[in-house]
Structures are given as structure tokens and as C-alpha cells.
Amino acid sequence: MPELPEVETVARSLRPNLIGLKITGVRNTWPRHIDRPVLAEFIDRVRDRTIMDVSRRGKFLIFPLDNEETLIIHLRMSGHLAVIHAQTPADKHTHTIFELANGQELRFRDTRKFGRVYLVSNHKDVVGKLGPEPLDKGFTVETLADILDGKSRLLKPFLLDQTMIAGIGNIYADEALFYAGLKPGRKTDTLDALEIKKLHEGIQYVLQLGIRREGATISTYLKPDGEKGSMQEDVKVFRRTGEPCFRCGEPIQRIILGGRSTHYCENCQK
DNA sequence: AAGAGACCCTGGATGC
DNA sequence: TGCATCCAGGGTCTCT
């Protein structure tokens with residue numbers, strides 16, 4: 001599942017292969033892949049535009065174009081992007097293809113079709129409601145305390161809420177809470193200052209580790225080059241239901257919170 | 001304000 | 001073996 005570290009890995013991989021390249025055409029076999037504008041207009045507006053940069057905001061990939069418009073892609077569950085030669089046969093789950101001026105193509109393969117592509121004049125129309133970037137220098141313990149202030153929510157759904165903090169998904173939420181020693185079902189307004197500090201530390205630790213590990217290949221995620229990430233080797237609780245906690249040996253528990261499976265150690269997390 | 005549940009999708013796992 | 005059913009999971013929406 002692409003979360004912040006996976007999307008960052010994708011952005012870093014694509015950047016040198018896309019910056020300065022012109023999009024000469026778009027092919028699409030599943031129009032709902034294009035969120036906005038409608039497909040025909042999308043193709044018209046993106047054609048002959050040059051990609052100026054590849055960056056990331058939360059779990060969104062951002063491609064500023066040379067006409068002040070912004071191409072945005074969200075991989076959601078099963079999305080995969082790769083820059084490959086136009087002659088390479090496309091697999092059946094490749095629904096959107098950007099033809100590039102150098103004979104290569106940016107291909108968006110998406111088995112479960114949850115991914116979305118946007119073309120907007122103002123990127124804030126898509127990413128404007130996101131919370132802060134948890135790895136930015138400005139994201140301090142005080143920032144986190146300010147976000148938590150006045151709210152009474154369960155920790156797990158809080159971490160998954162992209163308008164609170166951008167980029168955390170199911171894997172890194174569970175891992176951050178294990179690192180912080182906090183139960184996913186704890187209420188945000190019960191945390192003391194030290195626990196907020198540990199939560200801040202846990203969020204940054206697991207996300208940075210995820211980036212160093214180039215993402216977690218737990219179900220389908222692959223880097224643009226088709227290789228696996230290695231974060232799954234450092235996962236402490238996610239999808240380890242019933243297996244012994246690495247810290248205390250007690251079996252890892254699984255519950256549902258915020259509609260998402262949630263994994264934690266009853267003994268190590270308070 | 002916050003949370004539960006439905007929905008979108010498909011492949012892989014499970015059940016009979 | 002083969003078919004039906006269940007499940008995961010990010011984001012968005014509705015309902016309570």
C-alpha cells in the first residue's frame with residue numbers, strides 16, 4: 001500500500017526520468033482513472049506540456065507542467081508508475097499511459113482501479129486540505145501538540161486522517177504507535193507531554209526508516225523499477241497477528257479501528 | 001465533532 | 001478440481 005515512504009520512493013525514482021520531458025499524448029482504457037477534467041479535455045490540456053518537476057505531497061505525486069497547470073497522481077491501493085520504452089507491451093492492468101517525447105512512456109498500472117489522475121490549474125484544489133508534512137523541519141513536537149489540541153479521537157483514526165497529518169497509512173500508523181508504546185485505541189486527549197513526544201518521534205522514525213528502506217512490499221507495492229522495497233523486514237506489528245512481539249514475546253493483537261485492521265502489542269503499548 | 005459503515009475494485013485466500 | 005464467498009485497503013460520502 002503506497003504511503004508516504006512508498007510515494008517518496010516513487011517520486012525519487014521517476015524524477016530523473018521525467019524532468020524536462022514533453023508529454024506528446026495520452027492513452028486511456030478506463031476513463032474513471034481520470035478524476036478531472038473529463039478524459040477528452042484532460043488529454044487535450046496535457047498534450048504537448050513539459051514536466052518541470054516530480055514531487056510529493058502526502059501520498060500524492062505532483063507533476064508541475066510548463067503552463068502553470070499541475071498533473072497529480074494518487075496511487076491509492078495498487079497503483080504503480082514506471083517509465084519504460086513505448087515498444088514494451090503494456091499489461092492488462094495498465095489503464096493510463098503518457099507518451100513522452102523521447103520514445104518512452106509513463107505508465108500507470110492499477111490492478112484495483114482505485115488510483116486517480118488529476119489535472120488542475122491550482123494544485124490546492126486537490127491537496128489543499130492535507131495536514132502538514134510529518135518529515136518537514138517545521139513539523140515539531142509543538143506542531144503535533146497543536147494539531148491534537150482540542151480534539152478527542154482514537155489515535156489510529158487520527159493518524160490515518162490526512163487532514164491532520166499527511167502521508168501516514170495503515171502500515172506506518174501501526175508501526176509508529178508501536179514505536180511510541182501507545183495503544184491504537186487510546187484517545188488523543190489522554191496523552192501527556194512525554195507521550196506526544198514519543199508519538200512525534202515514532203511517526204518520524206518509521207517514516208524515515210521506510211524511505212531508507214524504499215518502502216514496504218507487503219502486498220503489491222513495487223518500486224518503479226519493479227523491485228521490492230525492504231521495509232517489510234523492519235515491520236514490528238503490521239500483519240503479525242498472533243506472532244510474538246519482538247520486544248516482549250506476547251502475541252500481536254489485531255482489531256478493527258476506523259474500519260481498518262490494526263495491529264499492536266497489548267503488553268508493550270499503553 | 002467524531003466514528004461507523006458503505007462504496008469503489010480485483011486477486012488471492014478460504015470454504016464446501 | 002471448481003465454484004462461490006470473503007477480505008484488504010485509501011479516500012470519500014452518508015448516517016448517527
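Quick note on labels: first sequence line is chain A, next is B, and so on, each numbered from 1.
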When clusters are formed from ILVMFWY side-chain contacts under 4.5 Å, directly or step by step, what else is grouped with [X]?
{"X": "A:Ile252", "answer": "A:Phe178, A:Val237"}
{"X": "A:Val127", "answer": "A:Phe60, A:Ile62, A:Ile72, A:Tyr118, A:Val120, A:Val126, A:Leu130"}
{"X": "A:Met52", "answer": "none"}

Under the salt bridge (Lys or Arg N to Asp or Glu O under 4.0 Å) test, which residues partner [X], sequence neighbours left out?
{"X": "A:Arg45", "result": "A:Glu41, A:Glu69"}
{"X": "A:Glu99", "result": "A:Arg27"}
{"X": "A:Arg57", "result": "A:Glu133"}
{"X": "A:Arg247", "result": "none"}

Quiz item: Do the rings of A:His33 and A:Phe108 sit parallel, tilted or perpendicular, given the 30° and 60° boundaries?
Solution: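 Because their plane-to-plane angle is under 30°, the rings of A:His33 and A:Phe108 count as parallel.
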
Practice problem: Identify the 5'-most and 3'-most nucleotides of DNA chain C with at least one atom closer than 4.0 Å to a non-hydrogen atom of chain A. | Solution: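 Listing 5' to 3', DNA chain C meets chain A from C:dA8 to C:dG11.
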
Using atom types as modelled, flag every donor-acceptor pair under 3.5 Å from a side chain in residues 261-270 of chain A to any protein atom, sequence neighbours excluded.
from: A:Thr262; atom 1: OG1; to: A:Lys156; atom 2: NZ; distance (Å): 2.9
from: A:Thr262; atom 1: OG1; to: A:Arg260; atom 2: O; distance (Å): 3.0
from: A:His263; atom 1: ND1; to: A:Asp174; atom 2: OD2; distance (Å): 2.8
from: A:His263; atom 1: NE2; to: A:Arg239; atom 2: N; distance (Å): 3.3
from: A:Tyr264; atom 1: OH; to: A:Glu266; atom 2: OE1; distance (Å): 2.9
from: A:Gln269; atom 1: OE1; to: A:Cys265; atom 2: N; distance (Å): 2.8
from: A:Gln269; atom 1: NE2; to: A:Leu177; atom 2: O; distance (Å): 3.3
from: A:Gln269; atom 1: NE2; to: A:Leu182; atom 2: O; distance (Å): 2.7
from: A:Lys270; atom 1: NZ; to: A:Asn267; atom 2: O; distance (Å): 2.8

Quiz item: First and last nucleotide of DNA chain B touching chain A, 5' to 3', heavy-atom cut-off 4.0 Å?
Solution: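 Terminal contacting nucleotides, 5' to 3': B:dA2 to B:dG11.
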
Exercise. Identify, between A:Arg76 and A:Lys92, the residue whose nearest nucleotide on DNA chain B lies closer to the 5' end.
Key: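 Result: A:Arg76.
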
Quiz item: Of all of residues 28-38 of chain A, which get a heavy atom below 4.0 angstrom from DNA chain B, listed by number?
Solution: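 Output list: A:Trp30, A:Arg32.
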
Quick one: side chains of residues 192-204 of chain A, donor-acceptor pairs under 3.5 Å with protein atoms, not counting sequence neighbours, listed by atom name and distance.
from: A:Asp192; atom 1: OD1; to: A:Leu194; atom 2: N; distance (Å): 3.1
from: A:Asp192; atom 1: OD1; to: A:Glu195; atom 2: N; distance (Å): 2.8
from: A:Glu195; atom 1: OE1; to: A:Arg186; atom 2: NH2; distance (Å): 2.7
from: A:Glu195; atom 1: OE1; to: A:Asp192; atom 2: N; distance (Å): 3.0
from: A:Glu195; atom 1: OE2; to: A:Arg186; atom 2: NH1; distance (Å): 3.4
from: A:Glu195; atom 1: OE2; to: A:Arg186; atom 2: NH2; distance (Å): 3.3
from: A:His200; atom 1: NE2; to: A:Phe139; atom 2: O; distance (Å): 2.8
from: A:Glu201; atom 1: OE2; to: A:Tyr179; atom 2: OH; distance (Å): 3.2
from: A:Gln204; atom 1: NE2; to: A:Pro134; atom 2: O; distance (Å): 2.8
from: A:Gln204; atom 1: NE2; to: A:Phe139; atom 2: O; distance (Å): 3.4

